[in-house]
Amino acid sequence: LDIDPLGNSGGPTAEYRLRVSAIGDSIVYVIRDGKKILSFPLQESSEFALPPHVLSSIDKDAPYVSRFQHKEETVREGDLLVLCTDAIGKWSMQEYESGVEVDWLRYWDNPGAWQGDIQRLRGLRPSDTGNRMVVDDCTLLLLKVVAEEVSDAEPLMAHDSSDAPFALVPPKD
C-alpha cells in the first residue's frame, strides 16, 4: 500500500493516490463517510471459497510477480483504510452483503470492543442475528488519511542505530 499526495500546489492537499498490490485473500477497504467505497482484491464473500494465490516458503519456480493484483484509486482526507486478514474480510463482506455497514471506527481506540466482538462473532449460531466469524487469525489495521503539508524542507531525522551494518560472528571453538 502506498499513498502519495495529488497536485503540487505547495499547500495542504485533500486528495491522494492510493496504490495497492495484493496477493492472497487479505482485504483492503476504503471507507468514506462510514460507507464502503472499495474492497480489494476480493469484492464478494463467495470469493473466499476459492483457493488464494499465495507466496510459498518453498521455492517452486512460481512466477509470483504475475500473481499480484494491482489497484490505483483516489482517496481523500478523512477516508479510513481498513486492512484485514481473511477471517475478518469474509465476515465483513457478508455484513456488507446483508446491508450492514461495519462500524470500523468503533475499534479505533477500543481494543476491548475488538476482542469482545471477535469472541462474540466466533460464537454465533445459525439461529443468531449477524454473520459468524470463522476461528482463524484476526489481524486488523486501521489507517486514517490525514492532510499533509507539501514542503521542500528536509525531513526531521534522527540517527537510528538499527540501520547500522551488522556482521555475522562465527562461533568460538
Inset, instruction - Tell me, please, which residues at least two apart from D86 pass salt bridge (Lys or Arg N to Asp or Glu O under 4.0 Å). - result: none
Inset, instruction - If a pair satisfies ring pair (Phe, Tyr, Trp, His ring centres under 6.0 Å) and one of its residues is in residues 116-143, list it, with sequence neighbours excluded. - result: none
Legend entry - With R19 via side-chain hydrogen bond (donor to acceptor under 3.5 Å, both in side chains) - residues at least two apart: D2, D4
Inset, instruction - Using the ring pair (Phe, Tyr, Trp, His ring centres under 6.0 Å) rule, collect all pairs that involve residues 125-147, keeping only residues at least two apart or in two chains. - result: none
Legend entry - salt bridge (Lys or Arg N to Asp or Glu O under 4.0 Å): pairs with one or both residues in residues 96-115, sequence neighbours excluded: R106-D117
Inset, instruction - With sequence neighbours left out, write down each residue that passes salt bridge (Lys or Arg N to Asp or Glu O under 4.0 Å) with R132, or none if nothing qualifies. - result: none
In a table with atom names and distances, give each donor-acceptor pair under 3.5 Å that connects a side chain of residues 137-144 to protein atoms at least two apart or in another chain.
none

Inset, instruction - Under the side-chain hydrogen bond (donor to acceptor under 3.5 Å, both in side chains) rule, collect the residues that match up with E95, sequence neighbours excluded. - result: N131
Inset, instruction - List in chain and number order the residues that pass ring pair (Phe, Tyr, Trp, His ring centres under 6.0 Å) with W114, two or more places apart in sequence or in another chain; answer none if no residue qualifies. - result: Y107
Inset, instruction - With sequence neighbours left out, write down each residue that passes ring pair (Phe, Tyr, Trp, His ring centres under 6.0 Å) with Y96, or none if nothing qualifies. - result: Y29
Inset, instruction - Output all residues satisfying salt bridge (Lys or Arg N to Asp or Glu O under 4.0 Å) with R122, sequence neighbours left out; order by chain, then residue number. - result: none
Legend entry - E44 backbone acceptor or donor facing E47 side chain under 3.5 Å: yes
Inset, instruction - Quick one: which residue pairs count as a side-chain hydrogen bond (donor to acceptor under 3.5 Å, both in side chains) with a foot in residues 34-43, not counting sequence neighbours? - result: none
